[in-house]
Protein chains: 4
Amino acid sequence: MAETTLKKIEFSLDPKSGVPFYKQIILQVEMAIADGRILTGEQLPTVRSLAVDLSINPNTVARAYNELEIRGIVNTQQGTGTFISGKKTKLDEIERERVLAGITQSFIIKAGSYGFSIAELIEYLKGIEAHMEEKK
Amino acid sequence: MAETTLKKIEFSLDPKSGVPFYKQIILQVEMAIADGRILTGEQLPTVRSLAVDLSINPNTVARAYNELEIRGIVNTQQGTGTFISGKKTKLDEIERERVLAGITQSFIIKAGSYGFSIAELIEYLKGIEAHMEEKK
Amino acid sequence: MAETTLKKIEFSLDPKSGVPFYKQIILQVEMAIADGRILTGEQLPTVRSLAVDLSINPNTVARAYNELEIRGIVNTQQGTGTFISGKKTKLDEIERERVLAGITQSFIIKAGSYGFSIAELIEYLKGIEAHMEEKK
Amino acid sequence: MAETTLKKIEFSLDPKSGVPFYKQIILQVEMAIADGRILTGEQLPTVRSLAVDLSINPNTVARAYNELEIRGIVNTQQGTGTFISGKKTKLDEIERERVLAGITQSFIIKAGSYGFSIAELIEYLKGIEAHMEEKK
DNA sequence: GTGGTCTAGACCACA
DNA sequence: GTGGTCTAGACCACT
């Protein structure tokens, strides 16, 4: 069996998690984009092929892709396929900082309501970062 | 009726998380007990006041308290309030980690969509932490 | 038959238009918001009732509402209903002008590719404006 | 081969409109003929050049040209190009209005979501129109 | 072969 | 009662 050079997202579903299938797919695509396993312009598996892979209904995959499209994360071309869009959300530095402040604040508040301290959050993020370096 | 000094849990709800409100409340109470932010015998906010605080239906708060009572984590005294019972909640490290993993994941994805790397997030959090230390 | 004081969106579908049902519903909600026939916080018809009204499958209505939710136009609370969200997109004047310039430019280009002059566009918009005044 | 002075139609595609690319091309050709921007005997861009211009699959352009030929609106001469035939296209006022209604509607909705009223849009367009008059 | 739309119907979870 | 998820399957449109 020849190895292919194509990086692929390894999709997998956990039926016991309680998280809906289509959300698990969305999350996995988002994560793959976030850590560079899939790049702008690359094609996602076709609706049907992914449905077969995961042994689920094509409609469920389509729903996930559809939501990703609405959010502007992928572009879809009928008869061609589904592709990661180049949505860059480019902002100037000031705006960037303002956005970061906003989402970080809600992260801290939410985490805080579960009793996590900022120090713990930092440690946890470091763990993730290390984990990702490793994979590279 | 003597006034008690209520140490308050800071509740917060995330409607977008997909986690039902009542479960978010339960989790937050359990976590608060698990790490000692609230102690045996202490009173939880009343159903109505918490409902107002969170702008949700009192039934939803009642459902959360009800489930906590079923599990033996709180005692409800008609006309008086809801109090933490002595029973140790079984929230272990694994559960804690799962919660943290969930909220951190969405934080990373959201920040990532604005182009922030995990390293940047860590730096930013460190800045906030330092800032808060100072204030102490 | 007593008249009710509730302003309602009058939904209607045109099966011959070629426009998918769910998109027609989305458009009608958007238009109703755009010209103030429905306000922030108001509830949309329930999925099932609208489905009956329009004699279509509830899934189709749900799909429309779902897309509106993803776009942040409505908020949905399980077991409660679907409500117009207060998404204000408030920007300062400069940013506002920049946004307006952008969307107007693409409007002009697109219209231009079909041979419409700016004067024609202005006339057409005036017509719409007059039409809406009338309805008030 | 003599160079011809190609009066070019300014094609533009909107992937989000839901209107298939090939139909957008057909419409734009028809509209251009209808209002005299392109005349009988004039040449359309080649399939390949237009495909490159619009960054789409040549098959899609070919399909559009093909349908135009079937309708007798253009003649294709193997190895030479595609030319406007003498046949008057039947685009009437109603069709024109329908196209205009479509693109104007999405313009209004998009602008409306940023809080712009139709009156404001008209004012802004007037400003642009005046600006362009000046330049002449 | 690609995605898009719609239906019918089941089952679940929340308020 | 509300909305949410998933399946099965049909039919359509675009490349």
Side-chain angles (χ1 to χ4, degrees), chain A residues 13 15 17-26 43-52 54-70 74-83, chain B residues 15 18-25 51 56-64 66-67, chain C residues 13 15 17-26 43-51 54-70 74-83, chain D residues 15 18-26 51 56-64 66-67:
Chain A
L13 296 180
S17 70
V19 180
F21 291 166
Y22 82 94
K23 277 190 185 160
Q24 294 188 38
I25 294 173
I26 290 173
Q43 183 174 10
L44 289 176
T46 67
V47 168
R48 286 167 170 91
S49 72
L50 185 52
V52 170
L54 298 174
S55 308
I56 59 174
N57 191 300
N59 283 336
T60 304
V61 178
R63 180 174 178 181
Y65 281 14
N66 187 28
E67 176 155 347
L68 286 167
E69 156 124 79
I70 295 169
V74 306
N75 288 324
T76 244
Q77 269 305 309
Q78 259 223 15
T80 311
T82 306
F83 303 82
Chain B
V19 181
F21 289 164
Y22 83 97
K23 275 190 186 161
Q24 294 187 38
I25 294 172
I56 59 174
N57 194 311
N59 288 334
T60 306
V61 179
R63 175 169 180 182
N66 188 25
E67 190 155 324
Chain C
L13 295 181
S17 70
V19 181
F21 291 165
Y22 83 93
K23 277 191 185 160
Q24 294 187 38
I25 294 172
I26 291 173
Q43 183 174 10
L44 289 175
T46 68
V47 167
R48 286 167 171 91
S49 73
L50 185 51
L54 298 175
S55 308
I56 60 174
N57 191 300
N59 282 335
T60 305
V61 179
R63 179 173 179 181
Y65 281 14
N66 186 27
E67 177 154 347
L68 286 167
E69 155 124 79
I70 295 170
V74 305
N75 288 324
T76 245
Q77 268 305 308
Q78 260 223 17
T80 311
T82 306
F83 304 83
Chain D
V19 181
F21 289 165
Y22 83 97
K23 275 192 186 160
Q24 294 187 39
I25 294 172
I26 291 172
I56 59 173
N57 193 311
N59 287 335
T60 306
V61 179
R63 176 170 179 180
N66 188 25
E67 188 155 326

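What's counted below: heavy atoms across the whole structure, side chains too, no hydrogens, waters or symmetry copies. A note on names: the letters A, B, ... follow the listed sequences, proteins ahead of strands, and every chain is numbered from 1. All values derive from a computational prediction rather than experimental measurement.
- Interatomic distance, CZ of C:Arg63 versus CD1 of C:Ile26, reported as 8.0 Å (0.5 Å rounding).
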Checklist entry - Using Watson-Crick and G-U wobble pairs whose two distances are both under 3.5 Å, how do you write the pairing of DNA chain E as dot-bracket, with | for links to another strand? => result ||||||||||||||.
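- Going from atom OG1 of C:Thr76 over to atom CG of C:Asn66 covers 8.0 Å, rounded to the nearest 0.5 Å.
- Formation of a donor-acceptor pair under 3.5 Å by the D:Gln24 side chain with backbone atoms of D:Val19 is found in this model.
- To the nearest angstrom, P of F:dG3 lies 13 Å from CG of C:Leu68.
- Considering every non-hydrogen atom in both D:Pro58 and D:Ala51, the closest pair reads CA-CB, 3.6 Å.
- For the pair A:Gln24 CD and F:dG4 P, the computed distance is 18 Å after rounding to whole Å.
- Nearer the 5' end of DNA chain E, as judged by each residue's closest nucleotide, is the contact made by A:Arg48, out of C:Gln77 and A:Arg48.
- Rounded to a whole Å, the CD atom of D:Glu67 is 12 Å from the P atom of F:dT15.
- Put simply, CG on C:Leu44 is 10 Å from P on F:dG3, counting in whole angstrom units.
- One distance of note links CD of C:Gln77 with CZ of B:Phe21; it measures 4.0 Å at 0.5 Å rounding.
- The CG atom of A:Asn75 sits 15 Å away from the C1' atom of E:dT2 (whole-angstrom rounding).
- The side chain of C:Gln78 lies closest to F:dG4 when the candidates are F:dG4, F:dT5, E:dT2.
- Here CG of A:Leu68 is found 11.0 Å from OH of A:Tyr22. Values are rounded to the nearest 0.5 Å.
- DNA chain F is contacted by C:Asn59 of residues 55-65 of chain C, taking any non-hydrogen atom closer than 4.0 Å.
- Picking from F:dT15, F:dT2, E:dA15 the nucleotide with the shortest atom distance to the side chain of B:Phe21 gives E:dA15.
- Here F:dC14 is the nucleotide among F:dG3, F:dC14, E:dT5 with the atom lying nearest to any side-chain atom of D:Lys23.
- The distance between atom CD1 of A:Ile25 and atom P of F:dT5, rounded to the nearest whole Å, is 13 Å.
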Next on the checklist: Run the side chain to side chain contact (heavy atoms under 4.5 Å, CB included) test on A:Thr80 and D:Asn57 for me, step by step, so that the C-alpha distance in whole Å, both residues' side-chain angles and the decisive distance to 0.1 Å come before the verdict.
Outcome noted: CA-CA 10 Å; A:Thr80 311; D:Asn57 193 311; over 6 Å; no
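- The side chain of B:Tyr22 contributes no N or O atom lying less than 4.0 Å from OP1 or OP2 of E:dA15.
- Atom CG of residue C:Leu54 and atom OG1 of residue C:Thr60 lie 10.0 Å apart, to the nearest 0.5 angstrom.
- Between A:Ile56 and A:Ile25, some side-chain heavy-atom pair lies under the 4.5 Å cut-off.
- Map A:Thr80 and C:Val47 each onto its nearest nucleotide of DNA chain F; the residue landing nearer the 5' end is C:Val47.
- Atom CG in A:Leu54 sits roughly 15 Å away from atom C1' in F:dT7 (whole-Å rounding).
- Between the CD atom of A:Glu69 and the C1' atom of E:dT5 there is a distance of 14 Å, rounded to whole Å.
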